[in-house]
2 protein chains.
Amino acid sequence: MGRPIRTRRQATLASLAAELGVSRTTVSNAYNRPDQLSPELRKRVLDTARKLGYPGPDPVARSLRTRKAGAIGLLLTENLSYAFRDPAALGVLEGLALACEDAGVGVQLVPARPGEEDVATVHRAGVDGFVVYSVPDDDPHLNAVLQRPVPTVIIDQPVLSGVDRVAPDDAAAMTTLAYHLIELGHREIGVLCMRLSRDRNDGFASRDRQEKAHYHVQRTRLTTLAESFEAVGVDWSTVPVVERFEHTLDEGASAARQLLDANPQVTAIICTSDILALGALNEAQRRGLRVPADLSITGFDGIADAERAELTTVYQPVREKGRSAGNLLLDPTRRGQGNPLNQQIITLETELRIGKTSAPPRTAEQHWFGP
Amino acid sequence: MGRPIRTRRQATLASLAAELGVSRTTVSNAYNRPDQLSPELRKRVLDTARKLGYPGPDPVARSLRTRKAGAIGLLLTENLSYAFRDPAALGVLEGLALACEDAGVGVQLVPARPGEEDVATVHRAGVDGFVVYSVPDDDPHLNAVLQRPVPTVIIDQPVLSGVDRVAPDDAAAMTTLAYHLIELGHREIGVLCMRLSRDRNDGFASRDRQEKAHYHVQRTRLTTLAESFEAVGVDWSTVPVVERFEHTLDEGASAARQLLDANPQVTAIICTSDILALGALNEAQRRGLRVPADLSITGFDGIADAERAELTTVYQPVREKGRSAGNLLLDPTRRGQGNPLNQQIITLETELRIGKTSAPPRTAEQHWFGP
DNA sequence: CTGAAAGCGCTAACAG
DNA sequence: CTGTTAGCGCTTTCAG
């Protein structure tokens with residue numbers, strides 16, 4: 001028999017059908033609807049398939065026909081190395097993967113390089129929907145996703161008309177945290193935050209920069225903080241806010257160093273993430289500052305390491321964020337998306353977790369509002 | 001104009017061409033080969049596209065035509081929650097993602113539920129290749145992947161004829177580690193290992209079970225260990241090996257507890273992963289055992305937390321594993337895969353890292369082989 | 001620079 | 001239970 005030996009993918013559903021002398025439908029049914037043909041015939045089909053080296057229906061062709069790719073795309077901020085090191089981001093990814101796994105749907109990480117205009121990757125992704133997580137609100141990739149005629153869920157992004165959204169109430173959470181510190185008596189504070197925009201600025205962030213930040217979460221946390229403290233008479237323009245582009249313990253430490261060098265009077269450092277706070281903790285220790293006696297430090301996110309360190313922080317259910325987003329996307333009852341009237345906004349609960357890194361400042365009198 | 005308002009995806013390349021009065025080729029070129037038509041015409045095409053709500057060429061149809069999906073599939077062991085919590089697995093994922101990002105290719109996490117025979121997810125994944133990482137060697141999903149007519153790279157799996165493979169030399173690494181302990185004088189040892197097969201067995205693992213383990217890495221590490229110690233007169237059948245299905249610090253601790261309760265005489269616990277070792281460290285501390293004075297503990301992998309704890313361990317470049325696998329898959333010069341003669345086997349370097357958790361046993365004389 | 005022709009490989013009615 | 005008929009939406013020679 002002169003059949004080619006190693007020319008893969010020479011066999012196709014049609015050629016198999018021809019070889020067998022049956023119709024394409026029958027072969028298709030052998031794979032997709034076993035109940036639609038006799039077991040014997042099915043066996044014959046499958047056996048011949050094996051003999052011919054036919055690997056089963058081509059997934060892409062099937063997707064084109066059925067209009068289902070069997071995967072959803074995940075658009076993450078910038079370099080993946082960051083995403084894979086950040087526990088909060090990982091939690092989201094895990095939650096999403098779990099939801100998709102339950103539905104037998106794949107999760108495709110769509111490469112989205114920062115600077116490049118290679119929005120093409122978004123256009124080329126064969127997926128049934130997108131989840132967009134924590135990208136700057138002016139990211140061209142986000143725009144490209146919105147262009148695609150598939151349902152999209154955004155996580156931790158500003159509300160967009162007609163687009164489902166999952167996020168905690170960052171503003172409320174931050175307000176609660178702020179008042180925790182305010183009630184303890186802190187008025188001289190400093191802030192550490194993550195990158196505010198796509199351009200790198202490792203150092204103090206002006207109020208203008210804070211308000212114009214393109215990372216929605218950071219912007220919200222900062223402006224909420226400002227409002228809370230201004231409500232009790234603190235002039236926000238005097239509050240030092242140090243920004244870091246990279247999100248690591250070391251950068252948190254160096255940011256704290258920069259902050260404390262310039263503002264030794266601060267009694268509390270509020271960080272917009274646990275990672276930064278943990279780094280700040282290291283720096284405090286290095287300087288011989290006792291926490292919380294000499295300095296209070298707070299985080300945000302509630303990652304495992306924070307709990308271990310008994311950090312005062314805001315816990316947010318990161319895994320739940322991913323899972324909700326996945327469920328929203330996969331929910332078969334929610335057809336007709338893109339319709340503003342049918343938009344879902346899911347707000348997740350957060351929880352202030354008071355650890356051992358916050359206490360009244362040494363010199364200030366306390367302001368108790370309670371009994 | 002009676003155009004439907006919200007019936008998404010009504011516009012197609014063909015309808016756009018018709019509307020414009022040009023050929024489909026021209027429209028296609030407007031998107032894929034801008035240099036093949038005048039800027040004016042291109043602009044007109046794009047403008048009309050926007051007006052008609054045409055979102056650009058359909059990715060799936062394009063994939064069918066070009067025979068390129070623009071993504072590679074990743075088959076991971078079992079539940080993702082495990083993969084996303086294990087630093088070694090994450091390193092692999094990160095490395096792979098990095099390599100793919102550089103090539104503008106997506107990474108699709110293919111859901112592969114443990115027990116289920118839902119190999120369908122593998123058959124349905126529209127990808128240009130697969131990376132398989134650390135699944136049991138009898139996993140049906142692996143088989144399904146091998147069936148697909150696309151290139152595949154396996155990581156940390158037994159060598160398979162004609163399939164590219166990336167892995168460290170686990171045997172050599174474990175031998176080196178074993179001799180480190182042997183030279184220190186340890187003869188009474190115990191072992192903690194990860195799951196050996198798909199069936200759960202939290203407890204002692206018989207030698208038979210060790211040798212028949214379906215997780216290649218675990219099997220290799222254990223059998224190598226056995227050989228090394230038998231070479232210096234230790235009867236391996238007397239060496240307690242405790243297995244754990246879940247891979248967490250707590251399970252490591254509980255495994256150590258089980259081991260030490262039954263075998264208080266051991267002077268060293270060798271763990272097949274850092275996580276287990278770190279858990280064992282916790283348990284030692286809980287019992288008031290000093291490490292390494294009273295008990296030596298070693299890990300395997302070289303994750304960040306191990307370094308922080310100054311654990312004696314074997315470092316392996318996990319990120320590099322993922323990256324090499326990705327590069328192998330994406331290398332355009334390596335066509336004609338599946339050919340045994342063209343098979344690539346990449347062996348990664350490992351490094352014994354002696355930390356502060358290994359020292360001579362208290363009571364034994366030391367056996368120096370050196371000067 | 002543009003168009004016509006020819007499928008990529010498959011599934012989904014709808015009849016028989 | 002099986003076959004016929006029609007595309008899914010796109011790219012790509014190859015001529016003009």
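Lettering follows sequence order; numbering is per chain, from 1. Just so it is clear, the values below take in all heavy atoms, side chains as well, and ignore hydrogens, waters and symmetry mates.
- In this structure, the NZ atom of K68(B) is 16 Å from the C1' atom of dT12(D), given to the nearest Å.
- Heavy atoms of R42(B) sit nowhere under 4.0 angstrom from any nucleic acid atom.
- With hydrogens and angles ignored, no donor-acceptor pair closer than 3.5 Å exists between the side chain of T25(B) and the base of dT11(D).
- Within the structure, a side-chain polar atom (N or O) of R67(A) is placed less than 4.0 Å from OP1 or OP2 of dG9(D).
- Between R44(B) atom CZ and dT2(C) atom P the separation is 10 Å, expressed in whole Å.
- Contact check, R62(A) against dT11(C): a side-chain N or O comes under 4.0 Å of OP1 or OP2.
- Computed from coordinates, the R65(A) CZ to dA12(C) P distance equals 6 Å when rounded to whole Å.
- For the side-chain hydrogen bond (donor to acceptor under 3.5 Å, both in side chains) test with D47(B), the passing option among K43(B), R44(B), K51(B) is K43(B); the others fail.
- Atom C1' of nucleotide dA6(D) and atom CZ of R24(A) are separated by 10 Å, given to the nearest angstrom.
- When each of L64(B) and Q36(B) is assigned the nucleotide of DNA chain C bearing its nearest heavy atom, the one mapping closer to the 5' terminus is Q36(B).
- Backbone-only contact: L37(B) has heavy atoms under 4.0 Å from sugar-phosphate atoms and none from a base.
- Applying the 3.5 Å distance criterion, the base of dA12(C) shares no donor-acceptor pair with the side chain of T66(A).
- Proximity of T26(A) to the phosphate of dG3(D): a side-chain N or O atom is located under 4.0 Å from OP1 or OP2.
- We find that CZ of R124(A) is positioned 18 Å from P of dG9(D), with the value rounded to whole Å.
- In this model, the phosphate group of dC10(D) is not approached by any side-chain N or O of S28(B) to a distance below 4.0 Å at OP1 or OP2.
- In this structure, the CG atom of N29(B) is 12 Å from the C1' atom of dT13(D), given to the nearest Å.
- The separation between R33(A) atom CZ and dT11(C) atom C1' is 8 Å, rounded to whole Å.
- Nearest approach of A125(A) to Q108(A), heavy atoms of both residues: CB-NE2, 4.2 Å.
- Rounding to the nearest 0.5 angstrom, the gap separating the CG atom in L75(B) from the CD1 atom in I154(B) is 11.5 Å.
- Listed nucleotides: dC10(D), dT4(D), dT2(C). Nearest to the side chain of P57(B): dC10(D).
- Side-chain atoms of N32(A) and R62(A) include a donor-acceptor pair closer than 3.5 Å.
- H216(A) and D137(A) are not linked by any side-chain donor-acceptor pair at a separation below 3.5 angstrom, with hydrogens and angles left out of the test.
- No contact: V60(A) has no heavy atom under 4.0 Å from any strand.
- OP1 or OP2 of dC10(D) lies within a sub-4.0 Å distance of a side-chain N or O belonging to T12(B).
- At whole-Å resolution of the value, CG in D58(A) and P in dG9(D) are 17 Å apart.
- Rounding to the nearest 0.5 Å gives a distance of 5.0 Å between NE2 of H141(A) and CG of D118(A).
- Using a 4.0 Å cut-off, no side-chain N or O of Y31(B) falls inside it from OP1 or OP2 of dG9(D).
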